[in-house]
Amino acid sequence: MNPKLSNRIAISVLYVISGTIIVILAALLGYIIISGLPAINWHFLTSPARAFTSGGGIGIQLFNSFYLLILTMLISFPIALGAGIYLNEYAKQNWVTALVRTAIEILSSLPSVVVGLFGFLIFVVQFDFGFSILSGAFALTFFNLPLLTRSIEEALAAVPNAQREGGLALGLSKWETVTHIIVPAALPAILTGVILSAGRIFGEAAALIFTAGQSAPALNFADWNPFNMTSPLNPMRPAETLAVHIWKINSEGIMPDAKAISSGSSAVLVISVLAFNLLARFVGKRLFKRLTAS
């Protein structure tokens with residue numbers, strides 16, 4: 001076969017495969033958003049859910065999802081950043097680091113229900129945290145840490161060695177080179193990994209069913225004392241997230257408008273993840289320009 005013809009055929013096949021994937025994803029997202037948009041309004045986004053009557057909302061579940069996301073990232077990101085820097089910049093390439101990387105790869109592929117059961121046994125039962133936001137955040141940290149560590153390590157490895165050599169040639173220490181040159185250069189890729197892990201956390205349900213719980217007690221948004229049980233900031237209260245709420249409605253929802261609530265909640269979940277991704281990419285570009293003076 002003519003090499004030019006075979007090349008054109010291969011490129012055409014790749015275009016067809018890519019186009020098919022894009023069409024499927026666009027159709028899926030479009031169906032979720034279009035079917036859920038009629039149910040979305042200010043009352044739906046701010047009012048609490050109702051178990052037996054129609055007209056409920058997702059206000060508490062939406063707040064719980066973002067609160068749990070922020071708390072999980074505050075715990076997991078510093079650990080993952082330190083682990084990624086150590087593995088890529090300081091650790092020697094031997095069988096120990098190879099074993100650690102293999103363990104990270106294995107842990108990143110664990111089913112979320114296994115992580116949820118682990119979190120239930122350790123944090124809910126053994127540490128006696130009960131069904132709480134804190135239990136859910138710790139469980140999601142174990143769920144998120146391997147993927148985030150691996151993505152940060154790969155982002156740092158993608159920075160050319162010439163930048164490391166340049167920093168050392170200017171008299172900077174190893175740590176100064178890493179913090180002032182390598183990390184800023186890898187920031188866009190690091191933020192991409194953070195975005196992917198944040199979206200994974202925001203849409204997680206199985207791990208939270210066994211740790212954060214399936215109930216959403218009424219909250220007093222005028223009380224910001226984290227030691228009060230009705231305070232939104234209390235980390236020891238049970239917290240049904242948006243993803244868990246969608247699962248619960250579709251499995252045992254008995255309210256008259258269960259389908260509308262489920263469709264609206266799914267649309268809000270998808271839109272929130274998309275908005276978070278776009279905002280994070282915008283902030284990442286601004287930070288990259290500011291830190292690298294480019």
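Residue numbers count from 1 along this sequence.
- Distance check, rounded to the nearest 0.5 Å: CH2 of Trp247 to OG1 of Thr241 gives 11.0 Å.
- Within the 3.5 Å criterion, the main-chain N or O of Gly119 finds no donor-acceptor partner in the side chain of Thr211.
- At a threshold of 4.5 Å between non-hydrogen side-chain atoms, the residues Glu89 and Ile182 count as touching.
- Taking both residues in full, the closest heavy atoms of Ala267 and Gly36 are given as CB-CA, 3.8 Å, listed atom of the first, atom of the second, then distance.
- Of the possible donor and acceptor atoms, none in the side chain of Ser266 sits under 3.5 Å from a partner among the backbone N and O of Ile32.
- With contacts defined as side-chain heavy-atom distances shorter than 4.5 Å, the pair Val244/Glu204 does not qualify.
- Contact of the Phe77 side chain with the Ile152 side chain is registered, since non-hydrogen atoms from C-beta on lie closer than 4.5 Å.
- In the displayed structure, Phe227 atom CZ is contacted under 6.0 Å by at most 12 heavy atoms of other residues, nucleotides or ligands.
- Between the Ser112 side chain and the Ala206 main chain, no donor and acceptor come within less than 3.5 Å of each other.
- No chain of hydrophobic side-chain contacts below 4.5 Å, direct or via other Ile, Leu, Val, Met, Phe, Trp or Tyr residues, connects Leu147 to Leu191.
- For the pair Arg150 and Glu154, the salt-bridge criterion is met [side-chain N within less than 4.0 Å of a carboxylate O].
- No more than 12 heavy-atom neighbours from other residues, nucleotides or ligands sit within 6.0 angstrom of CZ on Phe142.
- Across all non-hydrogen atoms, the minimal contact from Asp223 to Asn225 is OD1-N, 3.1 Å.
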Practice prompt. Could you walk me through whether Ser135 and Ser132 pass side-chain hydrogen bond (donor to acceptor under 3.5 Å, both in side chains), step by step?
Written response: CA-CA 5 Å; Ser135 297; Ser132 63; 3.2 Å; yes

Worksheet entry | Evaluation steps, side chain to side chain contact (heavy atoms under 4.5 Å, CB included), between Phe131 and Gln214 | CA-CA 9 Å; Phe131 292 104; Gln214 305 176 40; over 6 Å; no

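- The backbone N or O of Ala98 lies less than 3.5 Å from a partner atom in the side chain of Thr102, making a donor-acceptor pair.
- Under a hydrophobic clustering in which Ile, Leu, Val, Met, Phe, Trp and Tyr are joined whenever their side-chain heavy atoms come within less than 4.5 Å, directly or via other members, Ile34 and Ile271 fall into different clusters.
- At a threshold of 4.5 Å between non-hydrogen side-chain atoms, the residues Ser197 and Met73 count as touching.
- Crowding of Lys174 atom NZ: a count of heavy atoms from other residues, nucleotides or ligands under 6.0 Å exceeding 12.
- Annotation: the span from Leu170 atom CG to Glu176 atom CD amounts to 11.0 Å, rounded to 0.5 Å.
- Each of Ile40, Asn41, Leu45 was checked for a side-chain contact (heavy atoms from CB on, under 4.5 Å) with His43, and the lone residue meeting it is Asn41.
- In summary, of the residues considered (Ile133, Leu140, Val115), a side-chain contact (heavy atoms from CB on, under 4.5 Å) with Leu208 occurs for Leu140 alone.
- Heavy-atom minimum distance, Glu240 versus Asn64: O-ND2, 3.1 Å.
- Residue Phe221 places its CZ atom among more than 12 non-hydrogen atoms of other residues, nucleotides or ligands, all under 6.0 Å distant.
- Rounding to the nearest 0.5 Å gives a distance of 4.0 Å between CD1 of Ile85 and CG of Leu81.
- Side-chain contact between Val268 and Phe44 is present, with at least one heavy-atom pair separated by less than 4.5 Å.
- Between Phe127 and Phe123, the two ring planes are perpendicular [angle over 60°; tilted spans 30° to 60°].
- Rounding to the nearest 0.5 Å places CD1 of Ile24 at 10.5 Å from CD1 of Ile22.
- With rounding to the nearest 0.5 angstrom, the CD1 atom of Ile261 is 8.0 Å from the CD1 atom of Ile58.
- No continuous path of ILVMFWY side-chain contacts below 4.5 Å connects Leu168 to Val183, so the two sit in separate hydrophobic clusters.
- Between Ser262 and Lys259 the shortest side-chain heavy-atom distance does not fall below 4.5 Å.
- For the residue pair Asn234 and Arg237, no side-chain donor N or O sits within less than 3.5 Å of a side-chain acceptor on the partner.
- Checked against the 6.0 Å centroid criterion, the rings of Phe202 and Phe66 qualify as a close aromatic pair.
- In this structure, CG in Asn88 is found 11.0 Å from OG1 in Thr97, a value given to the nearest 0.5 Å.
- One N or O on the side chain of Tyr67 and one on the backbone of Leu233 form a donor-acceptor pair closer than 3.5 Å.
- The two residues Phe210 and Gly116 make their nearest non-hydrogen contact at CB-O, 3.5 Å.
- Within 6.0 Å of CH2 in Trp224 there are more than 12 heavy atoms belonging to other residues, nucleotides or ligands.
- The closest donor-acceptor contact from the side chain of Thr149 to the backbone of Pro146 lies at 3.5 Å or more, if one exists at all.
- Closest heavy-atom contact between Gln93 and Leu87: NE2-O, 4.1 Å.
- Asn161 contributes no side-chain N or O that, together with a main-chain N or O of Arg164, makes up a donor-acceptor pair within less than 3.5 Å.
- One side chain, Asn144 or Ser76, offers a donor N or O that lies under 3.5 Å from an acceptor on the other.
- Here the closest heavy-atom approach between residue Ala137 and residue Ile75 is recorded as CB-CD1, 4.2 Å.
- The hydrophobic clustering, which links ILVMFWY residues whose side-chain heavy atoms are closer than 4.5 Å, places Tyr90 and Ile181 together.
- Residues Val114 and Phe120 fall within the same hydrophobic cluster, defined by Ile, Leu, Val, Met, Phe, Trp and Tyr side chains chained together at heavy-atom separations under 4.5 Å.
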